[in-house]
A.B. asks: 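Sharing a structure below in C-alpha cells format, with a few things to ask.
To find a chain, count down the sequence lines: A is the first, B the second, and so on, and within it residues start at 1.
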Amino acid sequence: MRPGATARLAGAGMGLDLPLILKEAGLTALVVFALALPLFGFRTVDSAGGLDVAYRFDWVAAAVAVAFVGRALLVAMRTLGGAQRARPGEGLLARAGRAFYRHTTWIGAAAVAFAVLLPLLPFADRYVIDIASYFLIYVMLGWGLNVVVGLAGLLDLGYVAFYAVGAYSYALASLHLGLSFWWSLPLAGALAAGFGILLGFPVLRLRGDYLAIVTLGFGEIIRIILVNWYSFTNGPNGISGIARPSFFGLAFSRSPGPGEVAFHEFFGLDYAPVHRIAFLYYLILGLALVTNLFTLRIRRLPVGRAWEALREDEIACRSLGLNPTNIKLSAFAIGAMFAGFAGSFFATRQGFISPESFTFIESALILSIVVLGGMGSQIGVVIAAFAIVVLPEWFREFQQYRMLVFGAAMVMIMVWRPRGLIAHRDPTVRLHAGGEAGR
Amino acid sequence: MMLSVTGVHTFYGHIEALKGVDLEVGAGEVVTLIGANGAGKTTLLMTVCGNPQAAQGRIVFDGEDITRLSTYEIVRRGIAHAPEGRRIFPRMSVIENLQLGATIGQPEDFADDLERVFLLFPILKERREQRGGTLSGGEQQMLAIARALMSRPRLLLLDEPSLGLAPMVVKHIFGVLRRINREAGTTVFLVEQNAFHALRLADRGYVMVNGAIAMTGTGRELMADPEIRRAYLEGGRRDRA
Ligand SMILES: Nc1ncnc2c1ncn2[C@@H]1O[C@H](COP(=O)(O)OP(=O)(O)OP(=O)(O)O)[C@@H](O)[C@H]1O
Ligand SMILES: [Mg+2]
C-alpha cells in the first residue's frame, strides 16, 4: 500500500486499523500454532533402536508465519474494501452462480452434448471414460437423493442403503436366477423403492435431526445385514463374477461363449476393451439423464409440487388436503428407486461388490454433493459431484492432502455460498407477461 | 346446519384448551368467533380440521361426523382453512401457492378459479411470479385467502386475517370476505381479534372465554352489548379474565 493512498483513505475515515490487524493476525497465528505443534512439530521415525521422535519446529514456524501474514492481509483488504463489498455474499462466486443460473438451459444442453461426445474425443482414453462413468454414478445418486433431501426436505443420511439394495439385487438375481442386466434393472429399482417405503413408515412422524439419525441407523442396518447374512450375501467376502451387461444380446468379450455373438464380431471391428467401457459409460449416462428428466418433469406435476410444499410447511400442506404420509413415502420410494438403478449399474460395472462399498462415508459423500450443489439444483449437483469425485481422482498424487482439500472446499462453500453453489429455486410455472392467467 | 360443534374438549398434553365448546354455523352465514389471547379460538379451528383431534364431543359437517377424520380427509369434504400466521409457502411463487391450494380441485377448473381469485385480489395477479416469502404482510394474507378459495370450499375457516395489517388493508380484506359470501355463497367462519370489523361483517358471533363459549348473538346484538364493548371494542383489549 502506498503511503499516499493510506493517507487519503484515512482522510475518508477508512484507514488501516493497525491494532485490529495485529490482534486478528496474532489470534489466528496462535490457533495455527496450537494446531501445528502436535501435527507438524513432532514426528515419529523408525530408527535402529525402535521409534524415535524427530522435531520439525521450522515447519511450525512456517505455518504460523503464513497464517499471520495471510490473516493480516485479509483483514487489511477487508477494512479497505469494506465499503464496496457491503454484502459478503456478493463475491465473484455469487456473481458466477447467478450468471450460471441465468443460462442454465444452455449450459445444461452443452454439458449433455459434451457428455454424449466424450468417448469420441481424442483425449478420451480408457481411463478418462472410466472416471467419467464413475463420476456419472455420483451425479445420478446426487439427483436421486435430491428428490428426498432437496425437493421433499427429508434429511436422509442412509441413502447408500438403497444403492446397496440395488447392487445386491442385481448381483444375486444374475447369480442365482440368471437374470440379465436389463431384466434385473426394474427389479432392483422396485426392490429399492420397497425398502424406501420400509424406511419411510417408521420415520413418518420424524423431522430434522431425528429423521437424520434414524435414516443413518437404517443405512447401517442394511450394511450390517449384508456383512452377517453369510449364506445369502456371502458376507464380507462379497459377490464376484457378476455378469456384465450385453449390448442387445451381444457380449463384450474377446472370445464369446458357444452360441454367443460378440459385439466386435457383429460390427466387424477389432476387439478392444474400450468398447465395453464406452458402452458402460453410455449406459450410466442414459440412466442419469433419465433420472434428471424424470425429476425435472415431476417437479411440475402435483406429486413434485407436493414434495416441495411439504419441505416448506407441513401444516399448511395438511390444511390444503395433501396427505403427508403419501407424499413422504413417495419421495422416499422414488429417491430409493434411482439409487437402486445406480446400484445395479455399479454392480455390473465392477463385477464385484462387497459391503465395503456401502459404508456411511458413501452416504455422506452423496449428501455433500446435494448440499454443496445447492439443494434442489440439478446442475449444482453435477458441479459438486465433479468437485467431490473427479478432482480428488485427478489429484491422486496428493493422496494424503485429499481430505485437507475436501475440508477446505467445504469451509469455503460455507463461507461464500452457505446455501450451495446454485442456490436458486426455479419456479415450476411461468405465465406470459400480460398473457391470460391460468395455463 | 352446515357445521355443528357439540361439547368438544381438546387437550394439549394435560392442558385442556377447549372445555366443552358448542357452536353452529349455518349454510351461507358469516359467523365470527372473538375472544382474548389464549382463549382457544385457534385451537377450535384446528380441532375442526382434525389436528389435534377432539378428545370428547362431536363435530358434524353437512350431516357427516368428521370428528375422527384426518385433516386431509376433512379438507376434501369442502372445508378450507387459512390458518393462523398465513403459512404460505415462502420459496414458491404466488402461482405455485395457488396451484397447491387447488390440490383437491379438478385440474380443468384451475384456470377459472385462478381468474376468480385474481379478480378478488388484483394485486396477486401483478405479483404472480414473485416468491411468497417476499410479499408484504397484506399480500401474504390475500394469498392465504386466495389459496384457500382455490379448492372451491363450501366452508371457509379464517384465523385472524387482519393480524398485523394496516387499517386500509383490513378494510379491503373484509370487503372481499363479504363479496365471497354474498356472490359465491361461501359460508365463512371467522376467528378475529379485530372485533369491530368482525362483528360488523358477521351475521352472528360467538365470544370465547377460557376455552368455552361465554356469549352468542347476532353481530349487531354483540356490538351493542356493554360488556363486549368494554372488553373487545373500546380502548384495546382487557387482560385475560
Ligand atoms: N401446541 C400447543 N401445545 C400446548 N399448548 C397449546 C398449544 N397450542 C395452544 N396451546 C394453549 O392452548 C390455549 C389456547 O390457545 P389458542 O392458540 O387456541 O388461543 P387463541 O384464542 O387462538 O389466542 P390468540 O388470539 O392469541 O391467537 C393457550 O393457553 C395456549 O397456550
Ligand atoms: Mg389464535
A.B. asks: For the atom pair CD (Glu96(B)) and CZ (Arg305(A)), what is the distance rounded to the nearest 0.5 Å?
C.D. replies: 7.5 Å
A.B. asks: Check whether any side-chain heavy atom of Leu320(A) sits under 4.5 Å from a side-chain heavy atom of Phe89(B), and report yes or no.
C.D. replies: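 SC-SC contact between Leu320(A) and Phe89(B) confirmed.
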A.B. asks: Spell out, as yes or no, whether a donor-acceptor pair under 3.5 Å connects the side chain of Arg76(B) to the backbone of Gly321(A).
C.D. replies: yes
A.B. asks: Quick one: CG on Leu322(A) to CG on Leu100(B), what's the gap to the nearest 0.5 Å?
C.D. replies: 6.5 Å
A.B. asks: How long is the span from the CD1 atom in Ile327(A) to the OH atom in Tyr72(B), to the nearest 0.5 Å?
C.D. replies: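 The OH atom of Tyr72(B) is 10.5 Å from CD1 of Ile327(A), to the nearest 0.5 Å.
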A.B. asks: Run the side chain to side chain contact (heavy atoms under 4.5 Å, CB included) check on His81(B) and Arg318(A) step by step: do they pass?
C.D. replies: CA-CA 10 Å; His81(B) 180 203; Arg318(A) 281 178 204 274; over 6 Å; no
A.B. asks: Please name the pair of heavy atoms, one in Arg147(B) and one in Ala316(A), separated by the smallest distance, quoted to 0.1 Å.
C.D. replies: NH2-CB, 4.0 Å
A.B. asks: Measuring from Ile315(A):CD1 to Asn51(B):CG, what's the distance to the nearest 0.5 Å?
C.D. replies: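 The CD1 atom of Ile315(A) sits 6.0 Å away from the CG atom of Asn51(B).
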A.B. asks: Nearest 0.5 Å, please: how far is CG in Asp313(A) from CG in Asn97(B)?
C.D. replies: 10.0 Å
A.B. asks: Just verifying a value: how many Å separate Glu312(A) CD and Arg91(B) CZ, rounded to the nearest 0.5 Å?
C.D. replies: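 The distance works out to 6.0 Å.
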A.B. asks: Counting heavy atoms not belonging to Arg131(B), are there more than 12 under 6.0 Å from its CZ?
C.D. replies: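 Open.
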A.B. asks: Does any backbone or side-chain atom of Pro90(B) lie under 4.5 Å from a heavy atom of chain A? Answer side chain, backbone, both or neither.
C.D. replies: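 Backbone plus side chain of Pro90(B), per the 4.5 Å heavy-atom cut-off to chain A.
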A.B. asks: A quick test of your reading: do over 12 heavy atoms of other residues, nucleotides or ligands sit less than 6.0 Å from OH of Tyr138(A)?
C.D. replies: yes
